[in-house]
Structure formats: structure tokens, C-alpha cells
Amino acid sequence: VQLQAFGGGLALAGGSLRLSCAASGSNFRINDMNWHRKGPGNERELVAGITSGGSTNYRESVKGRFTISRDNAKNTVYLQMNNLKPEDTAVYYCEADYWIYSDTIVAGRAWGRGTLVTVSS
């Protein structure tokens with residue numbers, strides 16, 4: 001399973017960006033999908049997650065500003081980021097837990113290449 005992320009870029013503080021991340025492969029099912037980020041000088045942190053059933057969770061600093069959603073038919077997860085702040089500047093990574101159906105079910109985790117989000121004040 002491979003993940004490809006889109007949508008990073010430059011935004012002004014208070015602006016919006018939308019990230020998307022699509023999974024591709026064969027004979028797979030995507031379970032939980034998450035967005036992480038790593039800002040300058042910071043450790044990587046979980047930003048938001050969504051289960052296959054649509055349950056979501058967010059880190060406190062983005063609650064009310066970011067919305068994670070998914071389209072299971074397209075194996076795609078989205079992150080709508082509103083009211084962006086300079087401290088949201090980071091490389092954002094999507095991550096997905098998956099099953100591959102072969103002779104048995106093989107579980108795995110895939111990471112997308114990061115997409116840079118820069119928020120200027």
C-alpha cells in the first residue's frame with residue numbers, strides 16, 4: 001500500500017488549506033487513517049485521526065480549526081485546516097493502517113511522503 005499526499009503550500013495566518021492523501025495498492029482495506037506533523041525543532045506529533053467507521057480525534061491545539069474526513073470508496077483521507085496559525089507550520093504526513101488480503105490477512109502501516117505547510121503571520 002502506498003500513500004500520496006497533496007495540498008500543502010503557503011497560507012496567511014487565518015487562512016485555510018486542505019490536505020488530501022490517497023492510498024493505492026491491490027487487495028487491501030484501509031482501517032485507521034491519521035495525519036501527523038513535524039514542525040521546526042519539534043518532535044513529530046499526531047494531529048488528527050479517523051477510524052474506518054468515521055470516529056475522529058484531534059490534538060487539543062487544532063480542535064475547532066481542523067477537520068479530518070475520509071472517502072472510503074476512494075481510500076482517501078482529508079484534512080481541512082482553517083484559521084491557520086504560524087505554529088501550524090510543519091511537514092504534514094498521512095499514515096494509514098491497512099490489511100492486505102492474500103492467503104492470509106497481513107496487517108501493515110503505510111506513511112506518505114510529507115507535504116509542507118507554511119503559515120505566515
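It should be emphasised that the depicted structure is a prediction, and the values quoted were computed from it without experimental measurement.
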Open item on the list: Tell me whether Trp111 shares a hydrophobic cluster with Val1, the cluster being built from Ile, Leu, Val, Met, Phe, Trp, Tyr side chains joined at under 4.5 Å.
Closed with: no
Open item on the list: Please determine whether residues Phe66 and Tyr78 belong to a single hydrophobic cluster, defined as Ile, Leu, Val, Met, Phe, Trp and Tyr linked transitively by side-chain heavy-atom distances below 4.5 Å.
Closed with: no
Open item on the list: I want to check something: taking the side chain as every heavy atom from C-beta on, are Tyr92 and Cys21 in contact at a cut-off of under 4.5 Å?
Closed with: no
TODO: Would you indicate whether the side-chain heavy atoms of Val117 and Met81 approach each other to under 4.5 Å?
DONE: yes
Under 3.5 Å, side chain of [X] to main-chain N/O of [Y], donor-acceptor pair present?
X: Arg70; Y: Asp32; value: no
X: Tyr58; Y: Arg65; value: no
X: Arg29; Y: Trp99; value: no
X: Asn72; Y: Ser52; value: yes

Open item on the list: For Gln2, is the CD atom crowded, meaning more than 12 foreign heavy atoms sit under 6.0 Å from it?
Closed with: no
Open item on the list: Looking at Lys38, I'd like to know if its NZ atom is crowded, meaning that more than 12 non-hydrogen atoms belonging to other residues, nucleotides or ligands lie closer than 6.0 Å.
Closed with: yes
About how many Å separate [atom2] of [Y] and [atom1] of [X], when rounded to the nearest 0.5 Å?
X: Leu12; Y: Thr118; atom1: CG; atom2: OG1; answer: 11.5 Å
X: Leu84; Y: Thr89; atom1: CG; atom2: OG1; answer: 8.5 Å
X: Leu3; Y: Thr76; atom1: CG; atom2: OG1; answer: 9.5 Å
X: Gln4; Y: Ser20; atom1: CD; atom2: OG; answer: 9.0 Å
X: Arg113; Y: Tyr93; atom1: CZ; atom2: OH; answer: 10.5 Å
X: Met33; Y: Leu79; atom1: CE; atom2: CG; answer: 12.0 Å

Might you point out which heavy atoms bring [X] and [Y] nearest each other, and give the distance in Å?
X: Ala5; Y: Thr115; answer: CB-CG2, 4.3 Å
X: Val91; Y: Gly114; answer: CG1-CA, 3.5 Å
X: Ile30; Y: Ala96; answer: CG2-CB, 4.1 Å
X: Ala13; Y: Ser121; answer: CB-CA, 4.1 Å
X: Asp97; Y: Arg109; answer: OD1-NE, 2.6 Å

Open item on the list: With side chain to side chain contact (heavy atoms under 4.5 Å, CB included) as the criterion, how do Val47 and Asp88 come out once you've worked through the C-alpha distance, each side chain's angles and the decisive distance to 0.1 Å?
Closed with: CA-CA 10 Å; Val47 177; Asp88 295 319; over 6 Å; no
Open item on the list: Go through it in stages, so that I can follow the logic: the residues are Asn82 and Ser16, the test is side chain to side chain donor-acceptor pair (under 3.5 Å), and I'd like the CA-CA distance, side-chain angles, deciding distance and then a yes or no.
Closed with: CA-CA 4 Å; Asn82 298 329; Ser16 298; 2.9 Å; yes
